[in-house]
Chemist: 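Once you've had a glance at the structure underneath, I'll fire off some questions.
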Amino acid sequence: MNQCPIKPFDFKMTRAVIVSGWGINFCGHTLLALGEWYFHVDGWNSRPWFMREEGYMRYRRENNKREIRRWILNIPDPIGAHAKLVQLLAEKWQWGILPHNCVNFVEEVVKAGGSNAGMYFNCPSIEPFA
């Protein structure tokens with residue numbers, strides 16, 4: 001991505017979106033939703049993905065995923081969150097299953113925005129993103 005479609009004011013509608021996992025992944029998967037845009041990491045060594053609402057619906061349909069829950073997140077410093085998102089979108093993500101995964105991607109963005117929200121066990125289907 002050469003230019004981020006998100007601006008700092010878009011962090012007024014920040015959500016952690018939890019969807020079902022695949023195969024033996026009972027923990028599910030976490031995406032960052034900012035208005036109509038969705039961001040997530042998926043893969044061992046790849047750049048983060050981004051899509052609009054229609055892309056998210058297609059992603060769910062084609063990957064046989066169901067939405068489990070949306071957590072509303074308060075971002076006191078949208079400029080900090082925006083800067084972190086732009087940084088992460090430009091880098092490859094080194095997937096580490098539980099210690100460095102989709103949850104950590106969302107946590108890094110929201111923590112840069114001054115939020116304390118996150119997960120302790122990195123298992124979105126069984127714990128709150130709070």
Side-chain angles (χ1 to χ4, degrees):
M1 175 188 290
N2 294 325
Q3 183 176 345
C4 183
I6 296 298
K7 303 297 179 222
F9 62 80
D10 292 318
F11 284 85
K12 290 180 182 174
M13 298 186 321
T14 304
R15 308 284 185 268
V17 179
I18 313 304
V19 297
S20 56
W22 55 269
I24 62 169
N25 177 8
F26 66 90
C27 282
H29 186 67
T30 305
L31 300 92
L32 177 67
L34 302 168
E36 70 169 323
W37 287 94
Y38 293 79
F39 300 85
H40 72 121
V41 292
D42 184 12
W44 296 106
N45 184 28
S46 61
R47 286 204 160 90
W49 298 84
F50 61 97
M51 59 199 134
R52 288 186 179 210
E53 183 73 31
E54 61 273 8
Y56 169 67
M57 299 308 279
R58 179 179 172 192
Y59 160 78
R60 285 185 41 211
R61 185 176 57 254
E62 290 179 359
N63 292 283
N64 199 27
K65 299 214 178 258
R66 65 181 171 78
E67 188 170 305
I68 297 171
R69 173 120 194 213
R70 289 177 178 248
W71 297 95
I72 298 170
L73 304 174
N74 180 34
I75 307 298
D77 178 11
I79 293 171
H82 181 261
K84 178 54 91 171
L85 179 60
V86 169
Q87 175 196 344
L88 292 176
L89 290 173
E91 301 171 350
K92 286 189 175 182
W93 187 265
Q94 302 297 320
W95 193 271
I97 302 177
L98 285 179
H100 198 248
N101 61 14
C102 56
V103 172
N104 298 119
F105 174 79
V106 176
E107 285 176 333
E108 282 197 32
V109 174
V110 301
K111 286 185 187 309
S115 174
N116 291 322
M119 292 185 171
Y120 186 75
F121 296 109
N122 286 352
C123 192
S125 68
I126 62 170
E127 66 179 307
F129 201 105

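Values reported hereafter were calculated over all heavy atoms of this structure, with side chains retained and with hydrogens, waters and symmetry mates removed. Not measured: the values here are computed from a predicted model.
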Chemist: Drop me the distance from L73's CG to M13's CE, to the nearest 0.5 angstrom.
Modeler: 13.0 Å
Chemist: Rounded to the nearest 0.5 Å, what's the gap from CZ on R60 to CZ on R66? Could you check?
Modeler: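 Reported value, rounded in 0.5 Å steps: 10.0 Å.
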Chemist: Looking at K111 and E107, does any basic side-chain N land under 4.0 Å from a carboxylate oxygen?
Modeler: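 A salt bridge is absent here (no side-chain N lies under 4.0 Å from a carboxylate O).
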Chemist: Are any of the side-chain heavy atoms of C27 and N122 separated by less than 4.5 Å?
Modeler: no
Chemist: Closest heavy-atom contact between V17 and A33?
Modeler: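 Reported closest heavy-atom pair: CG2-CB, 3.6 Å.
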Chemist: Would you compute the distance between atom NZ of K84 and atom CG of D77 and round it to the nearest 0.5 angstrom?
Modeler: 12.5 Å
Chemist: Could you state whether I18 and W37 fall into the same hydrophobic cluster, counting links through intermediate Ile, Leu, Val, Met, Phe, Trp or Tyr residues with side-chain heavy atoms under 4.5 angstrom apart?
Modeler: yes
Chemist: Considering all heavy atoms of both residues, which atom of Y59 and which atom of K65 are nearest to each other, and what is their separation?
Modeler: OH-CE, 3.1 Å
Chemist: Are V19 and W95 connected, step by step, through hydrophobic side chains (Ile, Leu, Val, Met, Phe, Trp, Tyr) whose heavy atoms are closer than 4.5 Å?
Modeler: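 Different clusters: V19 never reaches W95 through Ile, Leu, Val, Met, Phe, Trp or Tyr contacts under 4.5 Å.
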Chemist: Considering only heavy atoms from C-beta outward, does the side chain of L88 approach that of E91 to under 4.5 Å?
Modeler: yes
Chemist: Is a donor on one side and an acceptor on the other found under 3.5 Å between the side chain of E127 and the backbone of M119?
Modeler: no
Chemist: Measure up the W93 and F105 rings against each other and bin them: parallel (under 30°), tilted (30 to 60°), perpendicular (over 60°).
Modeler: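 Judged by the thresholds at 30° and 60°, the geometry between W93 and F105 is perpendicular.
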Chemist: Rounded to the nearest 0.5 Å, how far apart are OG1 of T30 and CG of N101?
Modeler: 7.0 Å
Chemist: Just how far is it from atom CD of E54 to atom CD of E36, taken to the nearest 0.5 Å?
Modeler: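 E54 CD to E36 CD: 6.5 Å, rounded to 0.5 Å.
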Chemist: Determine yes or no for a side-chain-to-main-chain donor-acceptor pair under 3.5 angstrom, with H29 supplying the side chain and C102 the backbone.
Modeler: no
Chemist: State, to 0.1 Å, how close P8 and P78 come at their nearest heavy-atom pair, and which atoms those are.
Modeler: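 Heavy atoms only, the tightest pair is O-CB, 3.2 Å.
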Chemist: Grouping I, L, V, M, F, W and Y whenever their side-chain heavy atoms are under 4.5 Å apart, do V41 and V110 come out in a common cluster?
Modeler: yes
Chemist: Evaluate the side-chain proximity of C123 to F26: yes if any heavy-atom separation is below 4.5 Å, no if none is.
Modeler: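 Contact flag for F26/C123 side chains = yes.
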Chemist: Closest approach of A117 and S115, non-hydrogen atoms and distance?
Modeler: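 Closest approach of A117 to S115: N-OG, 3.0 Å.
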Chemist: Determine the minimum heavy-atom distance between E108 and H100, stating which atoms define it.
Modeler: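 Smallest interatomic distance, heavy atoms only, reads OE2-NE2, 4.1 Å.
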Chemist: Under 4.5 Å between side-chain heavy atoms, hopping through other hydrophobics if needed: is there a path connecting M57 to L31?
Modeler: yes
Chemist: According to a hydrophobic-cluster definition based on side-chain heavy atoms being under 4.5 Å apart (Ile, Leu, Val, Met, Phe, Trp, Tyr only), do W49 and V109 belong together?
Modeler: no
Chemist: Any side-chain heavy atom of I126 within less than 4.5 Å of one from F121?
Modeler: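 Answer no - side chains too far apart.
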Chemist: Can you tell me how far CZ of F39 sits from CZ of F50, rounded to the nearest 0.5 angstrom?
Modeler: 7.5 Å
Chemist: Within a 6.0 Å radius of atom CG on N45, are there more than 12 heavy atoms belonging to other residues, nucleotides or ligands?
Modeler: yes
Chemist: Could you walk me through whether E67 and Y56 pass side chain to side chain contact (heavy atoms under 4.5 Å, CB included), step by step?
Modeler: CA-CA 10 Å; E67 188 170 305; Y56 169 67; 2.4 Å; yes
Chemist: Determine, stepwise, if the pair I72 / R15 fulfils side chain to side chain contact (heavy atoms under 4.5 Å, CB included).
Modeler: CA-CA 5 Å; I72 298 170; R15 308 284 185 268; 3.6 Å; yes
Chemist: Which heavy-atom pair separates F129 from A16 by the least distance, and what is that distance?
Modeler: CG-CB, 3.8 Å
Chemist: Taking atom CD1 as the centre, does I68 end up with more than 12 heavy-atom neighbours from other residues, nucleotides or ligands that are less than 6.0 angstrom away?
Modeler: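 Check passes, neighbour count above 12.
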